[in-house]
Amino acid sequence: MAFSSSLPRLLRRTSSSLPLQWRLRMFLAGKRSRPFTTCEGSRPTILHKRSIDILHDPWFNKGTAFSITERDRLDLRGLLPPNVMTPRQQIDRFMVDLKRLELNASDGPSDTIALAKWRILNRLHDRNETMYYKVLIENIKEYAPIVYTPTVGRVCQNYSGLFRRPRGMYFSAADHGEMMSMVYNWPAEQVDMIVVTDGSRILGLGDLGVQGIGIAIGKLDLYVAAAGINPQRVLPVMIDVGTNNENLLQDPLYLGLQEHRLDGEKYLSVIDEFMEAVFTRWPNVIVQFEDFQSKWAFKLLQRYRSTYRMFNDDVQSSAIPLSNTPIHCRTREQLCIFLVDFYFRFYALQHPCFMFSVSHLFDFILSSLIHLTRYSGTAGVAIAGLLGAVRAQGKPMIDFPKQKIVVAGAGSAGIGVLNAARKTMARMLGNNEFAFEGARSQFWVVDAMGLLTEGRMNIDPEALPFARKLKESERHGLHEGASLAEVVTKVKPDVLLGLSAVGGLFSKEVLEALKDSSSTRPAIFAMSNPTQNAECTPEEAFSTVGDHIVFASGSPFHDVDLGNGKIGHCNQGNNMYLFPGIGLGTLLSGARVISDGMLQAAAQCLASYMKEEEVLNGIIYPSISSIRDITKEVAAAVVREAVAEDLAEGYRDMDPQELKKLTPEETVAYVKKNMWEPHYPTLVYKRE
Ligand SMILES: NC(=O)C1=CN([C@@H]2O[C@H](COP(=O)(O)OP(=O)(O)OC[C@H]3O[C@@H](n4cnc5c(N)ncnc54)[C@H](O)[C@@H]3O)[C@@H](O)[C@H]2O)C=CC1
Ligand SMILES: CC(=O)C(=O)O
Ligand SMILES: [Mg+2]
């Protein structure tokens with residue numbers, strides 16, 4: 001085929017909505033990617049298959065080597081990473097991966113074993129989904145760390161090498177104008193849950209470009225395993241708008257677009273088009289935004305949350321004004337009087353087995369206060385843990401506003417947690433502007449530039465409310481940019497919470513300083529992921545600060561043997577305890593949007609899940625082994641809230657009126673009944 005004659009033909013055939021430079025690029029990609037089984041001028045192979053069936057057929061599959069024109073011709077567009085590879089590049093990529101495995105294996109333990117387990121599980125996932133999820137559900141504690149954090153982080157970092165069979169959909173800047181038709185290349189008629197990322201901040205590993213698809217796959221594994229979402233109805237999505245990761249831009253084997261990230265309106269128009277396309281084909285789908293860099297995470301949430309069924313569990317913590325709550329009490333006293341009155345008049349009378357106790361009354365008031373506070377996802381998990389840490393000190397949760405909290409990291413996750421914690425305190429202190437303002441003094445925020453004060457130039461507007469006043473800092477012997485160790489030394493916090501993505505940030509010096517904490521039981525939350533990004537390990541925390549601390553981390557660690565038969569519990573403080581239930585509850589209620597109240601109901605359910613004796617033992621989050629049970633409860637709480645807010649439009653044959661009639665127990669049973677179980681169905685053949 002002569003260059004001169006084929007180019008104009010291709011340019012005519014490819015969508016005229018694409019810019020010329022893209023069509024040229026597609027042409028060149030097509031030239032590069034002739035499969036090695038065919039040669040110039042040979043007769044074409046006639047296929048009686050299309051789309052994903054071709055990718056799953058080892059005779060015809062060419063993987064990433066399908067040219068753009070072939071992808072269009074065979075309905076493959078969007079089912080493969082956008083970069084077209086030559087057969088030679090494919091072999092090189094495979095060989096690099098094979099050699100890396102040999103190298104790692106001879107190197108010592110490294111991550112080889114975890115990655116090898118991931119590969120084995122992934123192959124099972126490709127062959128037999130029912131069996132894959134049965135294995136995962138029955139062994140969730142052992143394999144969640146493989147399909148989710150921390151191993152999923154390694155998988156994303158090595159995705160170009162690990163890539164075998166594509167999973168999910170890829171939309172790229174080059175697909176502008178085509179997405180509405182591309183969504184029809186996905187084989188499932190019904191999709192309930194999409195997890196989408198643009199790869200810009202994967203866990204704490206930074207910009208991993210197209211390789212970030214791994215986190216969407218990992219999160220959806222938990223949607224299936226924990227929430228019982230039907231695996232035929234989940235869709236991981238990668239929106240490839242380029243990458244600013246220079247290593248990936250230079251890597252000849254990288255599978256994504258090798259261009260700098262789109263920005264501004266161009267970026268937004270790609271995401272807008274994606275949202276319109278998926279909601280056109282699947283109007284009832286729920287979209288979870290995952291691991292978008294802070295710069296876009298907040299903006300996208302604002303842009304879509306009142307129109308589409310979507311949420312972002314990394315950042316979400318609503319900005320509902322204080323006055324916009326069901327109960328308007330101007331002071332702490334008024335609120336408490338209202339709740340005590342309510343407790344005796346309604347709650348106690350409605351519970352036949354009710355026996356009065358002061359601690360029960362306190363817990364009721366507290367859970368009501370939490371109910372009046374709106375937060376979710378990461379923030380919800382953090383608040384549940386922070387309240388658990390107060391209870392672990394033997395104090396009532398209502399003492400939470402007295403806690404001094406140092407937060408390391410003021411990115412999307414850190415700010416989400418700070419906003420939620422501040423609002424929780426404010427509600428407990430009287431639910432008014434004065435309380436809200438007062439609560440701010442409980443937080444000390446340290447980011448990459450040290451202590452955040454009003455003396456800082458160009459403060460991020462989201463972080464501004466948490467900048468300390470200069471005078472106030474000076475009174476504590478602190479200054480703008482003071483180091484974390486200085487801040488911990490001077491503030492003597494009750495809680496040290498890390499969402500910085502900096503492994504080892506809670507150094508020996510910082511932990512030594514925490515020994516002087518004014519708390520009887522200081523709490524350390526090293527929430528950054530994956531494992532190597534944890535601000536400290538539980539061993540470091542227990543051995544330096546003492547056996548009495550409460551410890552939680554974002555990625556799993558083993559409990560620590562403290563000697564004398566005592567155990568230092570390592571809790572996993574991860575949004576996995578909430579997002580699956582939020583998705584399932586939204587689905588089963590048929591709510592058109594995901595309200596703050598629904599998110600907050602999920603968080604409240606988690607906060608009240610732990611029993612007193614567990615908390616006093618330093619166990620502030622449930623074991624991952626019970627995640628399916630927790631998720632069921634969380635989902636039921638979300639359904640009930642959607643019904644209460646009149647958002648529920650029903651699901652299948654459960655109409656909103658019937659949903660309204662369900663008691664709390666019946667709601668849990670309804671959720672359980674609708675959770676997919678990994679059983680083989682009986683199959684029969686029916687001619688089309
Ligand atoms: N456990 C969980 O459920 C979750 C954990 N995360 C983790 O939180 C981490 C941060 O995520 P994002 O907020 O989205 O990232 P981000 O990139 O938006 O924010 C990181 C923040 O850390 C600060 N930082 C950097 N170096 C620092 C240092 N030396 N000292 C103090 N602060 C420093 C930065 O200034 C920035 O404010 C990630 O590792 C992520 O995996 C995020 C969501 C949920
Ligand atoms: C857990 C999670 O969502 C994160 O680290 O980003
Ligand atoms: Mg995340």
Side-chain angles (χ1 to χ4, degrees), residues 144-145 148-150 152-153 156 195-208 212 214-216 218-219 222 288-298 311-317 376-385 406-420 444-452 456 459-460 462-463 466-467 481-488 496-507 510 525-536 552-557 571-580 603 606 621:
Y148 186 52
T149 184
V152 73
C156 291
V195 175
V196 59
T197 184
D198 69 353
S200 54
R201 188 289 272 153
I202 297 299
L203 302 173
L205 302 170
D207 183 347
L208 296 184
I215 194 69
K219 291 261 174 184
L222 288 192
Q288 176 179 321
F289 276 56
E290 187 62 38
D291 289 0
F292 283 69
Q293 58 182 324
S294 325
K295 175 178 167 183
W296 286 113
F298 292 108
F311 70 107
N312 179 325
D313 82 319
D314 286 312
V315 307
Q316 216 161 345
S317 147
S376 87
T378 306
V381 165
I383 298 296
V406 170
V407 175
S412 45
I415 294 296
V417 170
L418 281 158
N419 280 326
W444 298 80
V445 179
V446 178
D447 68 3
M449 293 157 82
L451 177 66
L452 180 69
R456 174 91 54 98
I459 304 181
D460 175 357
E462 305 284 349
F466 298 97
S483 73
L484 182 60
E486 283 176 276
V487 173
V488 173
L496 176 58
L497 188 149
L499 280 163
S500 65
V502 180
L505 181 68
F506 299 167
S507 60
V510 171
F525 290 78
M527 290 183 74
S528 291
N529 296 313
T531 312
Q532 76 265 25
N533 290 59
E535 283 78 5
C536 68
S553 55
S555 294
F557 282 92
N571 298 278
Q572 191 173 358
N574 192 293
N575 52 26
M576 68 186 180
Y577 287 118
L578 290 183
F579 71 77
L606 178 64
Y621 292 115

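In this text the structure is predicted, and so the values were computed from the model without any measurement. Along the sequence shown, residues carry numbers from 1. Read the numbers this way: they start at 1 and go in the same order the structure lists the ligands and their atoms. Only this structure's heavy atoms are used, side chains among them; waters, hydrogens and symmetry mates stay out.
In terms of N/O distances under 3.5 Å, ligand 1 is not approached by Thr378. Of the N or O atoms in Gly411, one or more lie within a sub-3.5 Å distance of an N or O in ligand 1. Where the criterion is an N or O separation shorter than 3.5 Å, residue side chain and backbone included, Asn529 meets it with respect to ligand 1. The N/O atoms of Asn574, backbone and side chain alike, include none that comes under 3.5 Å of an N/O atom in ligand 2. Looking at Ala413 next to ligand 1, an N or O pair under 3.5 Å apart turns up. Considering backbone and side-chain atoms together, Ala448 places an N or O closer than 3.5 Å to an N or O of ligand 1. Every N/O-N/O distance between Gly554 and ligand 1 stays at or above 3.5 Å.
The backbone N or O of Asp313 lies less than 3.5 Å from a partner atom in the side chain of Thr378, making a donor-acceptor pair. Judged by distance alone, the side chain of Gln572 and the main-chain N or O of Gly554 form a donor-acceptor pair under 3.5 Å.
Contact record, Asn533 with Gly204: ND2-O, 3.0 Å, taken as the closest heavy-atom pair. The shortest heavy-atom contact between Pro150 and Pro145 is CD-O, 3.4 Å. Considering all non-hydrogen atoms of both residues, Val381 and Asn574 come closest at CG2-O, 3.4 Å. Minimum interatomic distance between Ile215 and Leu203 (heavy atoms only, all atoms of both residues): CD1-CD2, 3.8 Å. Across Asp291 and Arg201, no two heavy atoms sit closer than the pair CB-O, 2.9 Å. Contact detail for Leu451 and Trp444: the closest heavy-atom pair is CD1-CE3, 4.0 Å.
Within the listing of ligand 1, atoms 1 (N), 2 (C), 3 (O) sit less than 4.0 angstrom from a heavy atom of Gly573. Every atom of ligand 2 is numbered from 1 in the order shown, and the set under 4.0 Å from a heavy atom of Tyr148 is 1 (C). Atoms of ligand 1 lying under 4.0 Å from at least one heavy atom of Gly204, given by number and element, are 38 (C), 39 (O), 41 (O). Close approach of ligand 2 to Glu290 (heavy-atom distance below 4.0 Å) involves ligand atoms 3 (O). Below 4.0 Å from some heavy atom of Asp447 lie the following atoms of ligand 1, by number and element: 30 (N), 31 (C), 32 (N), 33 (C), 35 (O), 37 (O). With ligand atoms numbered from 1 in the order given, ligand 2 contributes 6 (O) to contacts under 4.0 Å with heavy atoms of Asp291.
The residue Leu484 has no part lying near ligand 1, judged by heavy-atom distances below 4.0 Å. Residue Arg201 touches ligand 1 through its side chain alone, judged by heavy-atom distances below 4.0 Å. With a heavy-atom cut-off of 4.0 Å, Asp313 does not touch ligand 2 at all. Heavy atoms of Lys219 found under 4.0 angstrom from ligand 2 belong exclusively to the side chain. With a 4.0 Å cut-off on non-hydrogen atoms, Val502 touches ligand 1 through its side chain and not its backbone. Of all the heavy atoms of Asn575, the ones lying under 4.0 Å from any atom of ligand 1 are found in both the backbone and the side chain.
With contacts defined as side-chain heavy-atom distances shorter than 4.5 Å, the pair Glu535/Val502 does not qualify.
When rounded to 10 degrees, the angle formed at the Mg ion (ligand 3) by OD1 (Asp291) and OD1 (Asp314) equals 110°.
Assignment of Leu499 to the shell around ligand 1 is supported, since a heavy atom sits closer than 4.0 Å. For the pair Met527 and ligand 2, no heavy-atom separation below 4.0 Å is found. Within the structure, ligand 1 lacks Val381 among the residues with a heavy atom less than 4.0 angstrom away. Ligand 2 lies out of reach of Thr149, whose nearest heavy atom is not under 4.0 Å from it. The shortest heavy-atom distance from Asn533 to ligand 1 is not under 4.0 Å.
Rounded to the nearest 0.5 angstrom, Met449 CE and Ser483 OG are separated by 14.5 Å. To the nearest 0.5 Å, atoms CG (Leu484) and OG (Ser500) are separated by 8.5 Å. Between atom OG of residue Ser294 and atom CD1 of residue Ile415 there is a gap of 8.5 Å, rounded to the nearest 0.5 Å. In this structure, Leu208 CG and Ser200 OG are separated by 9.5 Å, a value rounded to the nearest 0.5 Å. From Leu452, atom CG reaches atom CD1 of Ile459 across 5.0 Å, with rounding to the nearest 0.5 Å.
At a cut-off of 2.8 Å, Asp313 is not counted among the residues with an N, O or S atom near the Mg ion (ligand 3).
Of all protein heavy atoms, the one closest to atom 5 (C) of ligand 1 is Met527 O, 3.2 Å. With hydrogens left out, the protein atom closest to atom 5 (O) of ligand 2 is Asn529 ND2, 2.8 Å, a heavy atom. Shortest contact from atom 29 (N) of ligand 1 to any protein heavy atom: Leu505 CD1, 3.5 Å. For atom 18 (O) of ligand 1, the closest non-hydrogen atom on the protein side is Ser294 OG, 2.5 Å. Here the heavy atom of the protein found nearest to atom 37 (O) of ligand 1 is Ala410 N, 2.9 Å. The shortest contact between atom 9 (C) of ligand 1 and any protein heavy atom is with Ser528 OG, 3.6 Å. In this structure, the protein non-hydrogen atom closest to atom 43 (C) of ligand 1 is Asp314 OD1, 3.3 Å.
Nearest N, O or S atom of Glu290 to the Mg ion (ligand 3): atom OE2.
Relative to atom 2 (C) of ligand 2, the option among Asp314, Asn312, Thr378 with the closest non-hydrogen atom is Asp314.
Classification of the Tyr577-Tyr621 ring pair by plane angle, with boundaries at 30° and 60°, yields parallel.
For Asp447 and Arg456, the salt-bridge test passes: some basic side-chain N is under 4.0 Å from an acidic carboxylate O.
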